[in-house]
Amino acid sequence: MSHANAALPEVETLALADLTELLQRIFEQHGTSSEVAQVLAHNCASAQRDGAHSHGVFRIPGYLSSLASGWVDGRAVPVVEDVASGFVRVDAANGFAQPALAAARGLLVEKARSAGIAVLAIRNSHHFAALWPDVEPFAEEGLVALSVVNSMTCVVPHGAQRPLFGTNPIAFAAPRAGGEPIVFDLATSAIAHGDVQIAARQGQMLPEGMGVDSLGQPTRDPKAILNGGALLPFGGHKGSALSMMVELLSAALTGGNFSFEFDWSNHPGAQTPWTGQLLIVIDPSKTAGNHFASRSEALVQQMRGVGLQRMPGDRRYQERAKSLAEGITLPAAELARLRELASAR
Ligand SMILES: NC(=O)C1=CN([C@@H]2O[C@H](COP(=O)(O)OP(=O)(O)OC[C@H]3O[C@@H](n4cnc5c(N)ncnc54)[C@H](OP(=O)(O)O)[C@@H]3O)[C@@H](O)[C@H]2O)C=CC1
Ligand SMILES: O=C(O)C1=NCCCC1
């Protein structure tokens, strides 16, 4: 279905399953195994379905240029190790983080249910996506999940002069009795790198306080941030401390790279950070019996009761419901490019 309007670019609407299948073909055509293509396509289509514009199909060119550069292995087979009662370790073998998580997921859940808590340490991995798809499914199964991943040097630690940290998101998911899981997913930078790229492409200025130029001076110009400048942490020293924690948990604890440790200069086109990821999964029945979901619901109701209009996740769930009912709308030119990429090279 396509529709045009004199003032608006032509757009096309397609079903989630069709977008997923299209993305799977793209990945397969550009050097991934069909197993990896399936996981990445599902992840990327889910982000687009939920209106995550900086981490949906926007990311496809970056995935493909990284694959073409040889920086990441699209056919990597993750190696899962059962290291201790509450710990699972995965070497992603220089592949993407999501297939590594998929390979370890069953063991992780089994351990979380038996021990009450389990930790998954992924190393040697590339994460180029939104983080909430990694935690939300655990909450749908009644578990509480927290994940962190570090990215690439582009954030100046609070009080420092030069960038060191990545944009380092933290995602959390918890079950709730009266509705969709409570989920938040936030970069520890004042703005995600992807949103700076989108603003630069659209010729828009950023709000104050997001970044600095190459001389370390505050700027609202996304191009100045991307060309030699840097981002700032959110919330000054507080976001900076959280970003430091993400580096420690995602890299030092897993055996992955810190955001400043990898050098992709010999791989022109490389865009996927080669780092690590940590997930912690908790079975709330071990401490709260059957009460956790009703207690989290009570908290949500109290928050609504004091006037909260928007919970983290509300926007995504609304976008999701709309996409599932009406289909996913993309600019027709973008969809045409995706279809070209999906056809044989
Ligand atoms: N792989 C990687 O290395 C990286 C990935 N990312 C990804 O980038 C994405 C965007 O991150 P970021 O820009 O920080 O996200 P946002 O600032 O847009 O949102 C952060 C969280 O706050 C919620 N939220 C936003 N506005 C409000 C509001 N007014 N009231 C209540 N809740 C609100 C969002 O819910 P909702 O979703 O419903 O809007 C979301 O859970 C994330 O998915 C992240 O994982 C970022 C950095 C690096
Ligand atoms: O938006 C961001 O910030 C990032 N997203 C994917 C990985 C690199 C950083």
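Every number for a ligand or one of its atoms is a count from 1 in the order of the listing.
Under a 4.0 Å criterion applied to the non-hydrogen atoms of Arg316, ligand 1 contributes the atoms 37 (O), 38 (O). In the vicinity of Ala130, heavy-atom distances shorter than 4.0 Å reach the ligand 1 atoms 43 (O), 45 (O). Contact atoms of ligand 1 toward Thr167: 47 (C), 48 (C) (distance under 4.0 Å to a heavy atom of the residue). Atoms of ligand 1 found under 4.0 Å from any heavy atom of Asp195, numbered from 1 in the order shown, are 13 (O). Listed by atom number, the atoms of ligand 1 under 4.0 Å from Asp314 heavy atoms are 38 (O). Near His127, meaning under 4.0 Å from one of its heavy atoms, ligand 2 places the atoms 7 (C). Distances below 4.0 Å separate heavy atoms of Phe184 from the following atoms of ligand 1: 41 (O). Annotation for ligand 2: atoms under 4.0 Å from non-hydrogen atoms of His55 are 1 (O), 2 (C), 4 (C), 5 (N), 6 (C). Set against the non-hydrogen atoms of Leu131, the atoms of ligand 1 under 4.0 Å away are 43 (O), 45 (O). When each atom of ligand 2 is checked for a heavy atom of Thr167 under 4.0 Å away, the hits are 2 (C), 3 (O), 4 (C), 9 (C). Atoms of ligand 1 lying under 4.0 Å from any heavy atom of Ser151, numbered from 1 in the order shown and given with element: 3 (O). Under a 4.0 Å criterion applied to the non-hydrogen atoms of His193, ligand 2 contributes the atoms 1 (O), 2 (C), 3 (O).
Put simply, the side chain of Lys286 gets close to the backbone of Arg113: a donor and an acceptor are under 3.5 Å apart. Proximity of a side-chain donor or acceptor of Ser243 to a complementary backbone N or O of Gly239 within less than 3.5 Å is not detected. The closest donor-acceptor contact from the side chain of Ser125 to the backbone of Ala97 lies at 3.5 Å or more, if one exists at all. Side-chain N or O atoms of Ser259 include one that pairs as donor or acceptor with a backbone N or O of Ser151 at under 3.5 Å. Under a 3.5 Å cut-off, the side chain of Gln48 and the backbone N or O of Val57 do form a donor-acceptor pair. The backbone N or O of Val119 sits nowhere less than 3.5 Å from a side-chain atom of Lys111 that would complete a donor-acceptor pair. The closest donor-acceptor contact from the side chain of His126 to the backbone of Thr272 lies under 3.5 Å. Side chain of Asp50 to backbone of Ala52: no donor-acceptor contact under 3.5 angstrom is found. Although no hydrogens or angles enter the test, the distance criterion places no donor-acceptor pair under 3.5 Å between the side chain of Arg162 and the main chain of Val156.
The nearest non-hydrogen atom to atom 24 (N) of ligand 1, considering only His53, Arg315, Arg310, comes from Arg310. Distances from atom 21 (C) of ligand 1 to the heavy atoms of Ile191, Asp185, Val246 put Asp185 nearest.
By the 3.5 Å distance cut-off applied to N or O atoms, Gly194 is counted among the residues near ligand 2.
A side chain to side chain donor-acceptor pair (under 3.5 Å) with Glu247 holds for exactly one of Asn257, Thr275, Asn168; it is Asn168.
Residue Gln197 places no heavy atom under 4.0 Å from ligand 2. Distances shorter than 4.0 angstrom do not occur between any heavy atom of Ala187 and any atom of ligand 2. Residue Gln271 places every heavy atom at 4.0 Å or more from ligand 2. Within the 4.0 Å heavy-atom shell around ligand 1 one finds Ala129. Put simply, part of Gly313 is less than 4.0 Å from ligand 1, judged by heavy atoms.
Under the ring-ring contact (aromatic ring centres under 6.0 Å, His included) criterion, Phe87 pairs with no residue, sequence neighbours left out. The ring-ring contact (aromatic ring centres under 6.0 Å, His included) test applied to Phe128 returns Tyr63, not counting sequence neighbours.
For atom 43 (O) of ligand 1, the protein comes within 4.0 Å by at least one heavy atom. Within the 4.0 Å cut-off (strictly below), no protein heavy atom is located near atom 16 (P) of ligand 1.
Side-chain contact check for Gln277 versus Ser147: some heavy-atom pair is nearer than 4.5 Å. By the 4.5 Å heavy-atom criterion applied to side chains, Trp71 and Phe262 are counted as neighbours.
Contact annotation for His193 and ligand 1: no heavy atom of the residue comes within less than 4.0 Å of the ligand.
At the shortest separation from atom 4 (C) of ligand 1 among protein heavy atoms lies Pro169 CG, 3.5 Å. Of the protein's non-hydrogen atoms, Pro312 CB, 4.5 Å is the one closest to atom 22 (O) of ligand 1. Shortest contact from atom 7 (C) of ligand 1 to any protein heavy atom: His55 CE1, 3.4 Å. Looking from atom 12 (P) of ligand 1 to the surrounding protein, the closest heavy atom is Ala187 N, 3.9 Å.
With hydrogens and angles left out, the side-chain atoms of Asn94 and Asp73 include no donor and acceptor closer than 3.5 Å. There is no side-chain donor-acceptor pair under 3.5 Å between Thr219 and Asp221.
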